[in-house]
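Read through the structure below, which is laid out as structure tokens, and then see the notes.
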Amino acid sequence: MGVTTSKWDTSEYLDNPEMIREYLIAALEEGGPDLLVAAIGDVAKAKGMTQIAKETNLSRQNLYKALTENSSPKFDTVVKVLAAFDIKLSFEAA
């Protein structure tokens with residue numbers, strides 16, 4: 001008998017605003033900008049890439065390309081996507 005595994009899909013577990021918020025914070029704190037972009041992509045998948053594309057007026061294809069680890073999306077793309085999640089950026093002194 002072998003062990004059966006399945007591929008982990010983070011987006012399946014991002015089902016409430018608090019989980020999404022904590023996931024994005026952890027990605028930024030633990031992995032930096034590249035991991036944060038990938039995490040934003042995970043949240044977009046969880047919420048539905050088609051819906052995010054409609055809300056941001058960006059194409060699904062471009063969102064998939066922009067929201068992968070090691071991509072360099074434009075800042076306005078990131079801000080639009082976060083707004084579609086009902087997430088806002090804030091800054092505080094270190």
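Note that the numbering runs from 1 along the sequence shown for the chain.
Atom NZ in Lys54 sits 10.5 Å away from atom CZ in Arg60 (nearest 0.5 Å). Taken to the nearest 0.5 Å, the CG atom of Leu14 stands 14.0 Å off from the CZ atom of Arg21. One distance of note links CG of Leu58 with CD1 of Ile52; it measures 10.5 Å at 0.5 Å rounding. In this structure, CD on Glu22 lies 8.5 Å from CD on Glu29, to the nearest 0.5 angstrom. Put simply, CD1 on Ile40 and CG on Leu67 are 7.0 Å apart, with the number rounded to the nearest 0.5 Å. Here OG1 of Thr56 is found 10.0 Å from CG of Asn62. Values are rounded to the nearest 0.5 Å.
Between Asn57 and Lys80 there is no side-chain heavy-atom pair separated by less than 4.5 Å. Between Pro73 and Val37, some side-chain heavy-atom pair lies under the 4.5 Å cut-off. Between Leu82 and Val43 there is no side-chain heavy-atom pair separated by less than 4.5 Å. Looking only at side-chain heavy atoms (C-beta outward), Tyr64 and Met49 come within less than 4.5 Å of each other.
In the hydrophobic clustering of this structure, Val81 groups with Met19; members are Ile, Leu, Val, Met, Phe, Trp, Tyr whose side-chain heavy atoms approach within less than 4.5 Å, directly or through other members. Under a hydrophobic clustering in which Ile, Leu, Val, Met, Phe, Trp and Tyr are joined whenever their side-chain heavy atoms come within less than 4.5 Å, directly or via other members, Trp8 and Tyr23 fall into different clusters. Under the 4.5 Å side-chain heavy-atom criterion for Ile, Leu, Val, Met, Phe, Trp and Tyr, Leu35 and Phe75 are members of distinct hydrophobic clusters. Hydrophobic clustering keeps Ile25 apart from Leu89 (ILVMFWY residues linked when any side-chain heavy atoms are closer than 4.5 Å, directly or through intermediates).
Residue Lys47 comes nearest to Gln51 through the heavy atom pair O-CB, 4.2 Å, listed as atom of the first residue, atom of the second, then distance.
A donor-acceptor pair under 3.5 Å is absent between the side-chain atoms of Thr68 and the main chain of Ser71, judged by distance alone.
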Please determine whether side chain to side chain contact (heavy atoms under 4.5 Å, CB included) holds for the pair Lys88 and Val79, giving the CA-CA distance in whole Å, both sets of side-chain angles, and the decisive distance to 0.1 Å. CA-CA 8 Å; Lys88 67 178 183 172; Val79 170; over 6 Å; no
